[in-house]
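Let me begin by presenting the structure, written as structure tokens, before commenting on it.
Chain letters run A, B, ... following the sequence lines, proteins first and then strands; every chain starts at 1. All of these numbers come straight from a predicted model, not from anything done at the bench.
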Number of protein chains: 2
Amino acid sequence: MRELRIGDLARATGISVETVRYYERIGLMPPPGRTQGNYRAYDRGHLERLNFIRHARTLGFDIAEIRSLLALAAQPATDCAAADAIASCHLTAVEAKIASLEALRAELTRFAGQCRGGAAADCRVLEVLADHRLCTGEHRLQTPEGPADTRRPAPR
Amino acid sequence: MRELRIGDLARATGISVETVRYYERIGLMPPPGRTQGNYRAYDRGHLERLNFIRHARTLGFDIAEIRSLLALAAQPATDCAAADAIASCHLTAVEAKIASLEALRAELTRFAGQCRGGAAADCRVLEVLADHRLCTGEHRLQTPEGPADTRRPAPR
DNA sequence: CTTGACCCTGCAGCCGCTACAGGGTGCATA
DNA sequence: TATGCACCCTGTAGCGGCTGCAGGGTCAAG
């Protein structure tokens with residue numbers, strides 16, 4: 001099988017050339033051999049490793065986790081429990097993130113899209129942001145009697 | 001009401017002192033007045049603005065969105081539709097993120113926590129990462145650094 | 001007069017890339 | 001042989017949204 005240039009590797013995995021070089025720089029990919037013209041020359045092992053990395057990134061594992069998983073995969077005799085622990089821990093984190101985003105969605109649906117076309121002074125969105133207690137269901141305008149913007153305008 | 005030091009503002013909003021200074025640096029907070037000892041001196045307007053920012057960040061708005069929302073809030077006469085559009089757009093993004101995380105969770109639950117205590121060579125987690133097609137239900141071993149087999153290289 | 005809490009500026013680092021600039025290589029075509 | 005073009009190289013800087021630190025200044029209490 002022919003040697004692979006970095007662009008071949010990129011096309012084969014869907015990872016950009018710059019990112020492949022970045023992975024090498026941070027030690028996630030081993031430095032490949034070089035051609036006479038100083039081009040990186042990859043083999044099938046590199047391709048498989050990069051695919052492994054891509055799959056793991058797609059699943060949301062961070063670089064440190066991937067490093068550990070690669071180390072475990074490189075030693076087939078070790079106990080698999082460590083790999084399972086990483087995955088389970090990651091699953092828990094994903095579930096937590098989903099929960100917090102769902103809470104966010106609940107709050108946003110409470111006021112987004114409720115525009116009645118009025119002026120900003122009556123805007124439900126801006127009201128809620130100005131006084132977060134409104135999120136809990138109350139509905140009162142917070143703009144004080146004086147103009148809300150006695151402060152200087154934001155620079156820039 | 002007394003002037004507020006940056007630490008007072010931080011305590012009152014739950015935003016760190018460093019972050020308040022950062023918001024000033026990027027023009028999200030207007031530069032406050034200074035005391036004789038060159039301390040920042042904030043007033044109630046600053047406190048309200050910072051609370052607005054915190055609420056918006058809590059809801060996941062990014063800095064650019066917050067800048068727009070603040071600009072709209074500062075001009076009570078303008079049409080509120082713009083604010084509503086920002087919020088609705090953000091809601092859509094949140095929903096998309098939830099959907100993609102749920103897909104992730106589905107994949108992860110398919111193999112995380114299935115450790116039978118064996119060696120890494122038989123590890124379901126590492127198998128899946130080495131050959132993502134396994135996610136769809138197949139079950140065959142493929143160590144990433146292992147000897148080249150007859151599997152064809154990934155297309156694309 | 002000293003202690004300690006607070007404040008100041010400026011800059012570097014985090015993560016995971018991404019995007020240049022400024023040059024070299026390799027192959028097909030005129 | 002010359003030319004063009006796609007590809008490759010190194011190095012560096014930037015993104016967003018902070019966070020942390022060094023090395024100093026200020027201020028009120030004891």
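Here A/I26 lies out of heavy-atom contact (under 4.0 Å) with every strand.
Residues passing the salt bridge (Lys or Arg N to Asp or Glu O under 4.0 Å) test with B/R5: none are found, sequence neighbours excluded.
The distance from atom CZ of B/R5 to atom C1' of C/dC8 is 13 Å, rounded to the nearest whole Å. Atom CZ of A/R34 is separated from atom C1' of C/dT25 by 13 Å (rounded to the nearest Å).
A/T109 contributes a side-chain N or O that, together with a main-chain N or O of A/A106, makes up a donor-acceptor pair within less than 3.5 Å. A donor-acceptor pair is defined here as one N or O able to donate and one able to accept, closer than 3.5 Å; such a pair exists between the side chain of B/E65 and the backbone of B/D62. Between the side chain of A/H46 and the backbone N or O of A/D43 there is at least one donor-acceptor pair closer than 3.5 Å.
Taking the side chain as every heavy atom from C-beta outward, A/K97 and B/K97 never approach each other to under 4.5 Å.
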**Prompt:** How does each nucleotide of nucleotides 10-24 of chain C score, in 5' to 3' order, for protein heavy atoms under 4.0 Å: base (B), sugar-phosphate only (S), or none (-)?
**Reply:** ------BBBB----B
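When hydrophobic clusters are built by joining Ile, Leu, Val, Met, Phe, Trp and Tyr residues whose side-chain heavy atoms come closer than 4.5 Å, directly or via intermediates, A/V20 is not grouped with A/Y39.
A nucleotide of DNA chain D counts as in contact with chain B when one of its atoms lies under 4.0 Å from a heavy atom; the first and last such, 5' to 3', are D/dG17 to D/dC27.
Using a 4.0 Å cut-off, no side-chain N or O of B/R40 falls inside it from OP1 or OP2 of C/dC7.
No option in B/T58, B/L91, B/L59, B/V94 other than B/L59 meets the side chain to side chain contact (heavy atoms under 4.5 Å, CB included) test with A/E107.
We find that B/E102 and B/R105 are joined by a salt bridge, their nearest charged nitrogen and carboxylate oxygen being less than 4.0 Å apart.
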